[in-house]
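Written out below as structure tokens is the structure these notes cover.
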Amino acid sequence: MDRREFSKRMLMAGAGAGLALDPARAAGGSGDSYDEPARRLPIRRFDVVVAGAGTGGVVAAIAAARQGADTALIEVKGYPGGTVTEGGTALHSFYNLWKAFDVEKRQVVRGIPQEIIDRLMKVGGCSGHAEMLTAYNYDSVCTAIDTELYKLVAFEMLAEAGVHVFVNTLLVGAIVDGARVRGAIVESRAGREAFYARSFIDCTAYGDLAAYAGAKYTEPNDYPVCNSVGIGNVDIDKYHAFIEANKLKGQLARGMRSGKSDQIVRAGAEWVNLPELAQAARNIGMAMITTTVHDNYLMFIKCNLKLPVSPTDRDAVAQAELEIRRRMAQAVELFRKHVPGCEKAFMARTSPKLCIRRGRCVECDYDITLPDVLEGRHFDDEIMVYGFHDSAPRLQIKDGGTYGLPYRALCVKGVENLYACGMMITSDHEAHMSTRNTVCCMGQGQGAGTAAALCAARHCGARDLPYGLLRDALTQAGVYFEV
Ligand SMILES: Cc1cc2nc3c(=O)[nH]c(=O)nc-3n(C[C@H](O)[C@H](O)[C@H](O)COP(=O)(O)OP(=O)(O)OC[C@H]3O[C@@H](n4cnc5c(N)ncnc54)[C@H](O)[C@@H]3O)c2cc1C
């Protein structure tokens, strides 16, 4: 039977059965929409539900579970880690900017984030807090990671803490009762389920849970999106020699690499003396700062693209996914052609989807301002302190000190039992250029996870938690405070 005959028979069969030709109408829809039948969902009950096992979510879930909360962690990918393993170059920053300001050296983020680094060091997956040799008015240390070992270490630490880790599971909705979230609706190959809990933390980067719960948010679309490629089969020392020979300005740090200390682990070159190459890099949105913890591997070469619309737009993102993959292939080609030691380089790793620097910005009880950051303000309810700004040396925290992140900045406005954590807080772009960084997101995770567990145990809402209890629990768990 040829195609025309097949179509004719199908048409006749449809007409004979009295069916509408529009499949949506045939199934009970109204032409351009479909009324999905209600379904009865199985319920699972927890004390705390954390949505998103990324940079902040991993720490939040470990913190909650260590406080004794029965904790569920929902992650759409097959592993924990998030953008810290997929987007950036190094973890900024565990320290204050002591070198630039010639002040006391202080490790200002400790606790669970530092435990992750300790574990990574043991398996050869981290440079350590490698001191910056140049450009230390930008950061005093460079903490580079092996992205794959990070995922494994995070997974193991979650398991050891007793977290129920639901990977390959997508958060698709929220069950809301007045000002409280009762449940998170998830979907996986196990079907559609409702995860009930007393406290919830949104660590999805996109603010999905907060949006489903009806919280207010904006979509500033103020950053480019990115995918980053790991380039294998390179010679880091030859690459470094090339940078030196061409007097390329940039960032340099030495730390642990392939089991040896005092090796180049961060090499950042603005290719100013190689204008043709610099232009080629600009054409594909390629950033030239990279890190490594292996002799033959460049961990992150970023290719950026500015979308005309928010990265919550599925169709615009689909186009960008293709364009950025083309750019990553061109980036590897540039290295192969122009950079000694990279002649036989290949694309060893890409992120499974493009990375965002900001999706939704969720409205919380307090919005951290740029003066809060730059003037190093501290608060009477802070959950951590932080001392890094991505726009240094243009914008730096006063005197190489720190500012505090208030607990209120994590409490989602209008919702009794929901915290926001990570890149989704802080509306001011310049302030966000500090709070969005990995180490800050991790610290926020410890604050949010601890608070959520304490609230669940006391059957109270986020605003009824006595700050003294939270502060004591954080201090006992190794979190550093200055005041
Ligand atoms: C290209 C790029 C470069 C960067 N460079 C640096 C750098 O050099 N140094 C630095 O310190 N910071 C850097 N940052 C910033 C930093 O990496 C991020 O801001 C930070 O990691 C965000 O952490 P997060 O916890 O908010 O989100 P993420 O780490 O992105 O975690 C979100 C998690 O939620 C999951 N998720 C999302 N939606 C759902 C859903 N509906 N259901 C289930 N799971 C879901 C995601 O899969 C992900 O695992 C960079 C960011 C980007 C994008």
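What you see below is based on every heavy atom in this structure, not just the backbone, and it leaves out hydrogens, waters and symmetry mates. Note that ligands are numbered from 1 as they come in the structure, with each ligand's atoms numbered from 1 the same way. When a residue number appears, it is its place in the shown sequence, counting from 1.
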Inset, instruction - Check the surroundings of atom NZ in Lys398: do more than 12 heavy atoms from other residues, nucleotides or ligands lie under 6.0 Å from it? - result: no
Inset, instruction - Note the single closest protein heavy atom to atom 48 (C) of ligand 1, along with its residue, its atom name and the distance in Å. - result: Glu75 OE1, 3.5 Å
Inset, instruction - Considering only non-hydrogen protein atoms, determine which one is nearest to atom 37 (C) of ligand 1 and report residue, atom name and distance to 0.1 Å. - result: Thr204 O, 3.2 Å
Inset, instruction - Provide, to 0.1 Å, the distance between atom 22 (C) of ligand 1 and the closest protein heavy atom, together with that atom's residue and name. - result: Met423 CE, 3.6 Å
Legend entry - Min N/O separation Gly56 to ligand 1 under 3.5 Å: yes
Legend entry - Nitrogen or oxygen atoms of His92 and ligand 1 under 3.5 Å apart: yes
Give every donor-acceptor pair under 3.5 Å between a side-chain atom in residues 80-89 and any protein atom, sequence neighbours left out.
unit_1, atom_1, unit_2, atom_2, d
Thr85, OG1, Gly82, O, 2.7
Glu86, OE1, Lys77, NZ, 2.9
Glu86, OE2, Tyr79, OH, 2.5

Inset, instruction - List the steps and the verdict of ring-ring contact (aromatic ring centres under 6.0 Å, His included) for His378 and Phe481. - result: CA-CA 10 Å; His378 286 272; Phe481 293 97; 9.5 Å; no
Legend entry - Distance filter under 4.0 Å to Gly52 heavy atoms, resulting ligand 1 atoms: 33 (C), 34 (O), 35 (C)
Inset, instruction - Specify side chain, backbone, both or neither for Leu171, according to which of its non-hydrogen atoms lie closer than 4.0 Å to ligand 1. - result: both
Inset, instruction - Identify which one of Asp381, Asp372, Asp367 satisfies the salt bridge (charged side-chain N to carboxylate O under 4.0 Å, His left out) criterion when paired with Arg408. - result: Asp381
Legend entry - Residue, atom name and distance, where the atom is the protein heavy atom closest to atom 27 (O) of ligand 1: Ala205 CB, 3.4 Å
Inset, instruction - Would you indicate whether Gln319, at its atom CD, is surrounded by more than 12 heavy atoms from other residues, nucleotides or ligands within a distance under 6.0 Å? - result: no
Inset, instruction - Pick, from Cys203, Cys421, Ser228, the option with the minimum heavy-atom distance to atom 33 (C) of ligand 1. - result: Cys203
Inset, instruction - Would you mind telling me if ligand 1 is within reach of the side chain of Ile356, the backbone, both or neither, using heavy atoms under 4.0 Å? - result: backbone
Inset, instruction - With atom 17 (O) of ligand 1 as the reference point, say which of Leu170, Thr438, Val439 has the nearest heavy atom. - result: Thr438
Inset, instruction - Report the residues that fulfil ring pair (Phe, Tyr, Trp, His ring centres under 6.0 Å) with Tyr138, sequence neighbours left out, ordered by chain and then residue number. - result: His92, Phe388
Legend entry - Shortest protein contact, atom 28 (P) of ligand 1 (heavy atom only): Thr83 OG1, 3.5 Å
Legend entry - Aromatic plane relationship, His129 with Phe94 - under 30° parallel, 30 to 60° tilted, over 60° perpendicular: tilted
Inset, instruction - Mark yes or no for whether Asn417, through its side chain, and Arg180, through its backbone, hold a donor-acceptor pair below 3.5 Å. - result: no
Legend entry - Distance-only N or O hit between ligand 1 and Gly57, under 3.5 Å: no
Inset, instruction - From atom 9 (N) of ligand 1, work out which of Gly88, Ala90, Ala53 has a heavy atom at the shortest distance. - result: Ala90
Legend entry - Note, Val265 side chain near Arg254 side chain (heavy atom, < 4.5 Å): no
Legend entry - Heavy-atom nearest neighbour in the protein, as seen from atom 29 (O) of ligand 1, with distance rounded to 0.1 Å: Thr55 OG1, 2.6 Å
Legend entry - Identity and distance of the protein heavy atom lying nearest atom 45 (C) of ligand 1: Val76 CG1, 3.8 Å
Legend entry - Region of Thr169 engaging ligand 1 - heavy atom pairs below 4.0 Å: backbone
Inset, instruction - Check whether any side-chain N or O of Thr71 sits under 3.5 Å from a backbone N or O of Ala69 as a donor-acceptor pair, and report yes or no. - result: yes
Legend entry - Residues Asn96 and Tyr386: side-chain donor-acceptor under 3.5 angstrom: no
Inset, instruction - Please write down residue, atom name and distance for the protein heavy atom closest to atom 19 (O) of ligand 1. - result: Arg436 O, 2.5 Å
